[in-house]
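Below: the structure, in structure tokens.
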Amino acid sequence: ASAPASAATATLDFSCVTALGNTDLPVKIVTNIPAVVPPNYKFTPAVAAHVPLSEQTRNTLYFFGHRYYSGAVTAVTTIDGVAQDVALSVPAGEIPNPGPWNVIASGSTAPFTAAASGTHTVRVPSFSADIAVRKTADGDPDLQHVECVTKEGASDVVAAVTVAKLAPKVYARATAKKVKRGKKATIPVIVRSSLVTPTGKVKISVAGKSTTVALKNGVAVAKVAIPKKTKAGAKTVTVTYLGDQNIKASKTSFKITVKK
């Protein structure tokens, strides 16, 4: 699966060696790596690196007649110390003048399976880039090679992923606010969670009676008989989701009125 839309963002400080001289770059790295995933959840994280280039760099390229750019970036990414090279692409664009120049490189990592429990740290300790600058949009490229490593003492952590059961949200209401004793209360239940669809069962209890029903696509409808001897008045309905291999148990409650 693709990772969810929620983003993890970190700004890492790199020291870079370029043909135009050495420079420090604060690179904002945005991924959609979730903070918590269930055991054995597999997804493919997307990555975007936002690289602000200096006015001096832009002016130097402009001096030599360059107006357009494109390129490729290889980011060294580690998860729990195991490295992989992540290929990012820099789409063709026009070098701005004047104004800030923010180069964006984007792509995806290899699929990641969160098999082991605990927290897994994602780091980007270095990257290299080959930027092709051109005098015209379809002109011959002048390749500019860049090598960057995180500055000494600076963090290289982009995200941390914790493997654990997810916390769901349970929604339930009776179809009617008032129910005659001796009749059944109809109670639709919806259980939602990020990343995966809840499975398993929900237990509904009211006026000393309970029933358990199975979820289908995260939804169930329960019918609970209200005993004839139940006193009239407000009663609490407790809805408990019993959990599954990926999702924690959870419950909610609401009131209905039992009438004669």
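This chain uses plain numbering: 1 for the first residue, then up along the sequence.
Taking the side chain as every heavy atom from C-beta outward, Ile29 and Leu12 approach each other to under 4.5 Å. You'll find the side chain of Phe112 stays beyond 4.5 Å of the side chain of Lys42, heavy atoms only. The side-chain heavy atoms of Lys255 and Val237, taken from C-beta on, include no pair separated by under 4.5 Å. Side chains of Gln245 and Pro39 form no contact here, defined as non-hydrogen atoms less than 4.5 Å apart. Using a 4.5 Å heavy-atom threshold, the side chains of Lys28 and Pro26 count as separate. Side-chain contact between Asn59 and Thr57: absent, with no pair of heavy atoms (C-beta onward) separated by less than 4.5 Å. A heavy-atom distance below 4.5 Å is not found between the side chains of Leu215 and Thr199. A 4.5 Å side-chain heavy-atom check between Lys177 and Ile256 finds every atom pair outside the cut-off.
Atom CG of Asp156 sits about 10.0 Å away from atom OG1 of Thr77, to the nearest 0.5 Å. The distance from atom SG of Cys148 to atom CG of Asn22, rounded to the nearest 0.5 Å, is 10.0 Å. In this structure, CD1 in Ile247 is found 4.5 Å from OH in Tyr241, a value given to the nearest 0.5 Å. Separating the CG atom in Leu25 from the CZ atom in Phe127 is a distance of 6.0 Å, to the nearest 0.5 Å. Summarising the geometry, atom CZ belonging to Arg192 is positioned 14.0 Å from atom OG belonging to Ser250; distances are rounded to the nearest 0.5 Å. To the nearest 0.5 angstrom, Asn40 atom CG is 7.5 Å from Thr113 atom OG1.
Not a single donor-acceptor pair under 3.5 Å links the side chain of Thr240 to the backbone N or O of Leu242. A distance-only check finds a donor-acceptor pair linking the side chain of Thr31 to the backbone of Ile33 [under 3.5 Å]. Using modelled atom types, no side-chain atom of Asn246 and backbone atom of Pro198 make a donor-acceptor pair closer than 3.5 Å. For Asn217 (side chain) and Val219 (main-chain N/O), no donor-acceptor pair under 3.5 Å exists by modelled atom type. Side-chain N or O atoms of Thr60 include one that pairs as donor or acceptor with a backbone N or O of Gln56 at under 3.5 Å. Checking side-chain atoms of Glu94 against main-chain N and O of Arg67 turns up no donor-acceptor pair under 3.5 Å.
Within 6.0 Å of atom CD in Glu147, more than 12 heavy atoms from other residues, nucleotides or ligands are found, so the atom counts as buried in its surroundings. Summarising the local packing, NZ of Lys165 is surrounded by more than 12 heavy atoms from other residues, nucleotides or ligands at distances under 6.0 Å. Applying the 6.0 Å contact sphere to CD of Glu55 captures no more than 12 heavy atoms from other residues, nucleotides or ligands.
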(request) Apply side-chain hydrogen bond (donor to acceptor under 3.5 Å, both in side chains) to Thr186 and Lys223, showing your working. (result) CA-CA 5 Å; Thr186 300; Lys223 294 182 181 292; 3.1 Å; yes
(request) In sequence, state the C-alpha distance, the side-chain angles, and the governing distance for Asp85 and Thr74, and then conclude on side-chain hydrogen bond (donor to acceptor under 3.5 Å, both in side chains). (result) CA-CA 6 Å; Asp85 289 343; Thr74 300; over 6 Å; no
(request) Could you check Val37 against Val161 for side chain to side chain contact (heavy atoms under 4.5 Å, CB included), going step by step and ending with a plain yes or no? (result) CA-CA 7 Å; Val37 297; Val161 185; 3.7 Å; yes
(request) Evaluate side chain to side chain contact (heavy atoms under 4.5 Å, CB included) for Leu61 paired with Ile95, printing each intermediate quantity in order. (result) CA-CA 9 Å; Leu61 293 174; Ile95 299 173; 4.2 Å; yes
(request) Quick one: do Val124 and Phe14 satisfy side chain to side chain contact (heavy atoms under 4.5 Å, CB included)? Show the steps, please. (result) CA-CA 10 Å; Val124 178; Phe14 289 93; 4.3 Å; yes
(request) Step by step, work out the salt bridge (charged side-chain N to carboxylate O under 4.0 Å, His left out) result for Arg134 and Asp142. (result) CA-CA 6 Å; Arg134 294 174 170 86; Asp142 181 0; over 6 Å; no
(request) Test side chain to side chain contact (heavy atoms under 4.5 Å, CB included) on Thr236 and Val206 and set out the steps. (result) CA-CA 6 Å; Thr236 298; Val206 58; over 6 Å; no
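Transitive grouping of hydrophobic side chains (ILVMFWY, heavy atoms separated by less than 4.5 Å) keeps Val157 and Val36 in distinct clusters. Under the 4.5 Å side-chain heavy-atom criterion for grouping Ile, Leu, Val, Met, Phe, Trp and Tyr, Val146 is not connected to Val27 through any hydrophobic cluster. In terms of hydrophobic clustering, with Ile, Leu, Val, Met, Phe, Trp and Tyr side chains grouped at heavy-atom distances under 4.5 Å, Tyr62 and Leu53 are assigned to a common cluster. Val149 and Leu88 are members of different hydrophobic clusters when ILVMFWY side chains are connected at heavy-atom separations under 4.5 Å. Transitive grouping of hydrophobic side chains (ILVMFWY, heavy atoms separated by less than 4.5 Å) keeps Val90 and Tyr68 in distinct clusters.
Considering all non-hydrogen atoms of both residues, Ala220 and Val213 come closest at CB-CG2, 3.7 Å. Closest heavy-atom contact between Thr238 and Lys251: CG2-CD, 4.2 Å. Closest non-hydrogen pair, Ala46 versus Asn32, comes out as N-OD1, 2.8 Å. Taking both residues in full, the closest heavy atoms of Pro38 and Leu166 are given as CD-CD1, 3.8 Å, listed atom of the first, atom of the second, then distance. Arg58 and Pro100 get closest at one heavy-atom pair: NH1-N, 4.4 Å. Considering all non-hydrogen atoms of both residues, Arg181 and Lys260 come closest at NH2-CG, 3.5 Å.
A salt bridge between Lys151 and Asp13 is absent, with no side-chain N of the basic residue lying under 4.0 Å from a carboxylate O of the acidic one.
The distance between the ring centers of Phe43 and Tyr41 falls below 6.0 angstrom.
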